[in-house]
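Quantities reported herein were computed from a predicted structural model and do not represent experimental measurements.
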Protein chains: 2
Amino acid sequence: MAKQTITIYDVAREAGVSMATVSRVVNGNPNVKPVTRKKVNEVIERLDYHPNAVARGLASKRSTTIGVILPDITQMFFASLARGIDDIASMYKYNIILENSDEDVDKKVEVLENLQAKQVDGIIYMGNAVDDRLREAFKAARTPVVFAGSVDDKNTLPSVSIDNKAAVYEAVNKLIDNKNKKIAFISGPLSEPVNGKFRLEGYRLALSEAKVDYDENLVFETSNTYEDGVKLASEIASTTGVTAAFVANDSLAVGLLNGLQDLGVKVPEDFEIISSNNTSLTKMVRPQISSIGHPMYDTGAVAMRLLTKLMNKEEVEERNITLPFDMVFRQSTK
Amino acid sequence: MAKQTITIYDVAREAGVSMATVSRVVNGNPNVKPVTRKKVNEVIERLDYHPNAVARGLASKRSTTIGVILPDITQMFFASLARGIDDIASMYKYNIILENSDEDVDKKVEVLENLQAKQVDGIIYMGNAVDDRLREAFKAARTPVVFAGSVDDKNTLPSVSIDNKAAVYEAVNKLIDNKNKKIAFISGPLSEPVNGKFRLEGYRLALSEAKVDYDENLVFETSNTYEDGVKLASEIASTTGVTAAFVANDSLAVGLLNGLQDLGVKVPEDFEIISSNNTSLTKMVRPQISSIGHPMYDTGAVAMRLLTKLMNKEEVEERNITLPFDMVFRQSTK
DNA sequence: TGAAAATTTGATAACGTATTCATGGCAATG
DNA sequence: CATTGCCATGAATACGTTATCAAATTTTCA
């Protein structure tokens, strides 16, 4: 009963054909007479033959596996993207190798080499900071790479994301419309282009259009965690005149919200908040948080679809895809 | 400049040794003279040689890849487990292929076959319902399988989890101590052993020890979503006499909490809640929710460690590992 | 110093598939 | 009926490694 691995060769023998023919049947090659195809398929069924994907990969140089590099799968934003990726990937019969990078450059490069060794057919990269070393490694890679949820600010690589500048611009405009004079910008590391470049640009644009001077004391750089949001609350509360904030991450926003409320600040009466991403968190807290609706699942799905095209060497009309976002207003804004 | 793949053969030629020796160096085989090792390593460095993992897998029949099957990566519970798994996996140089099963039996079986074809060295299974067909497939698999976060109720497969019965027993005891007479049991599908068997047993044990009759009208079966928690609130509120609930999932508990509060029910004054898992959600809502502290990350990590042992055919003292849990009391209980 | 033992090394055969190229058969064509 | 051309098939090889076993080299020790 020792499960002897049965190979294409066994099938060939049983069916009285050559292994080449079996291979053709398995791969759906049309050049095989219906009769033989049927015969081979019966044997395959009877022997319960399953092609060995590793041998296949070696022979064909394609692994039907793609690599997904992300900072941390426990962050809802990335998990949602990953889910979108996986659904489309399995639709196209690809598997996903997941790698948590913790936004650590050395780890990213290591992980990338690892993925290459495993002969992945393509890579989806999520994360914000793109170090030059990594960018070079991506370019040198024999395999296509797609950015999901962020763009390479040098814009040299395919990507799928929303227009973060426009989104923040809208959000801040809303806060301006609500008569807020001093509006804080709160985000993770400004070294990450999505924060330090795109979002901040949207923020500044909205301010300047409203003839409000940009004040860098209103820009708060922190991490994306709930805890840091809570901590930040007292600092925000003691900054005179600030009555609203754009917060670049939902967890962070929830932390700030709770922290402020614990200090007796009333939201939205005394302070308005708009966050980014519109994860389920925004609906779970009270007051519910207004947020930029980021199509997370779709971003992953579209990125994966784009990757299939690139892997297939199809012509692609646009390598940098911008998905629409929407604004979801809830109780944290007036 | 066309990146010609360089093989072990190139290295051998350059270094003036046989490919066997190069292979030995690469794999850290001690039977190679330090001088040759040095020479080979220099060539490897110079040519920037990277072993092809696929060819390696074919020759050695080991892929240094493991499969992870889980219901849905966007659920925090599973994401946390996955993170623990991945960290230990990469510590042992394994990669992870992720598969979302959506708790669909057909999909699970398909996914399992897929993983086998890819020659994974081991599998970690998360999820609650274990269908007979799947169990048989697991047993027939040539590769070890470890359950993480749940146990096969037939107890035939290795697993890592907490003692859910004891945990719920403690939770319900707390509610009993707080003078609650009618305590609801709210969970996802009772067909899943973790709910219908272990947790329910803990609930019933606590009740019977307190000489409280078991009332099946107090057992609510739903899904694990926030939305269903909200919906359930009115039903709970209209069930006369119920003043507390054990809720098997944090999202569900948050939904219930918000739903009840929207109906004017005061928590914990009028109604007490203890949830399970103690994910970050429990701290983000107000009042914060008391919860069973489930060591999610550790469960994943330990499961992966156990799997490495099994893959390595090491002797394992205990195939069914029970991790300790703790009770975290917050404002949703008196 | 010489033989035996231990250590290093190399040649070669798997691993299980895809692919190329040659060939045989058969239908269509004149 | 002979010829052309196409379709279906098979033989052989490549993919890049690991693993086995024998050969070569070095070390040990009497």
**Q** Only counting residues at least two apart or in another chain, list the ones meeting side chain to side chain contact (heavy atoms under 4.5 Å, CB included) with Pro295(B).
**A**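 Result, side chain to side chain contact (heavy atoms under 4.5 Å, CB included) vs Pro295(B): Ile162(B), Asp298(B), Thr299(B), Leu323(B).
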
**Q** Return the residues of residues 30-44 of chain A meeting this criterion: a heavy atom under 4.0 Å from some atom of DNA chain C. Order them by number, or give none.
**A**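 Per residue number, the list is empty: none.
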
**Q** At how many degrees, to 10°, do the end axes of the helix from dT1(C)-dA30(D) to dG30(C)-dC1(D) meet when each uses five pairs?
**A**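 Here the helix ends are tilted 40° relative to one another.
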
**Q** Excluding sequence neighbours, so at least two apart, what forms side chain to side chain donor-acceptor pair (under 3.5 Å) with Asp131(A)?
**A**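 Side chain to side chain donor-acceptor pair (under 3.5 Å) check on Asp131(A) returns nothing, list empty.
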
**Q** Taking ring-ring contact (aromatic ring centres under 6.0 Å, His included) as the cut-off, I'd like each qualifying pair that reaches into residues 71-110 of chain A, sequence neighbours left out, listed once.
**A**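 Only Phe77(A)-His294(A) qualify under ring-ring contact (aromatic ring centres under 6.0 Å, His included).
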
**Q** What parts of residues 10-28 of chain A reach DNA chain C, counting only heavy atoms under 4.0 Å away?
**A**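 Within this stretch, Met19(A), Ala20(A), Ser23(A), Arg24(A), Asn27(A) sit under 4.0 Å of the strand.
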
**Q** Could you tell me the boundaries of the chain A footprint on DNA chain D, defined by atoms under 4.0 Å from its heavy atoms?
**A**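 On DNA chain D, the outermost contacted nucleotides are dA8(D) to dG16(D).
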
**Q** Please give me every residue in residues 113-123 of chain B whose heavy atoms get under 4.0 Å of an atom in DNA chain D, ordered by residue number.
**A**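 The answer is none.
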
**Q** Can you name the side chain to side chain donor-acceptor pair (under 3.5 Å) partners of Gln119(B), sequence neighbours left out?
**A**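 Listed in chain order: nothing, the list is empty.
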
**Q** The criterion is side chain to side chain contact (heavy atoms under 4.5 Å, CB included); which residues satisfy it with Asp152(B), sequence neighbours excluded?
**A**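 With sequence neighbours excluded, Asp152(B) shows a side chain to side chain contact (heavy atoms under 4.5 Å, CB included) to Val130(B), Arg135(B), Phe147(B), Lys154(B), Thr156(B), Leu157(B), given in chain and number order.
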
**Q** Answer with yes or no whether the side chains of Thr65(A) and Lys118(B) bring together a donor and an acceptor at under 3.5 Å.
**A**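 A donor-acceptor contact under 3.5 Å links the two side chains.
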
**Q** Applying side chain to side chain donor-acceptor pair (under 3.5 Å), name anything that partners Thr308(B), two or more places apart in sequence or on another chain.
**A**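 Partners of Thr308(B) by the side chain to side chain donor-acceptor pair (under 3.5 Å) criterion, ordered by chain and then number, come out as Arg305(B).
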
**Q** So where does chain B start and stop touching DNA chain C, 5' to 3', when the test is distance under 4.0 Å to a non-hydrogen atom?
**A**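 Span of nucleotides near chain B: dT8(C) to dG16(C).
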
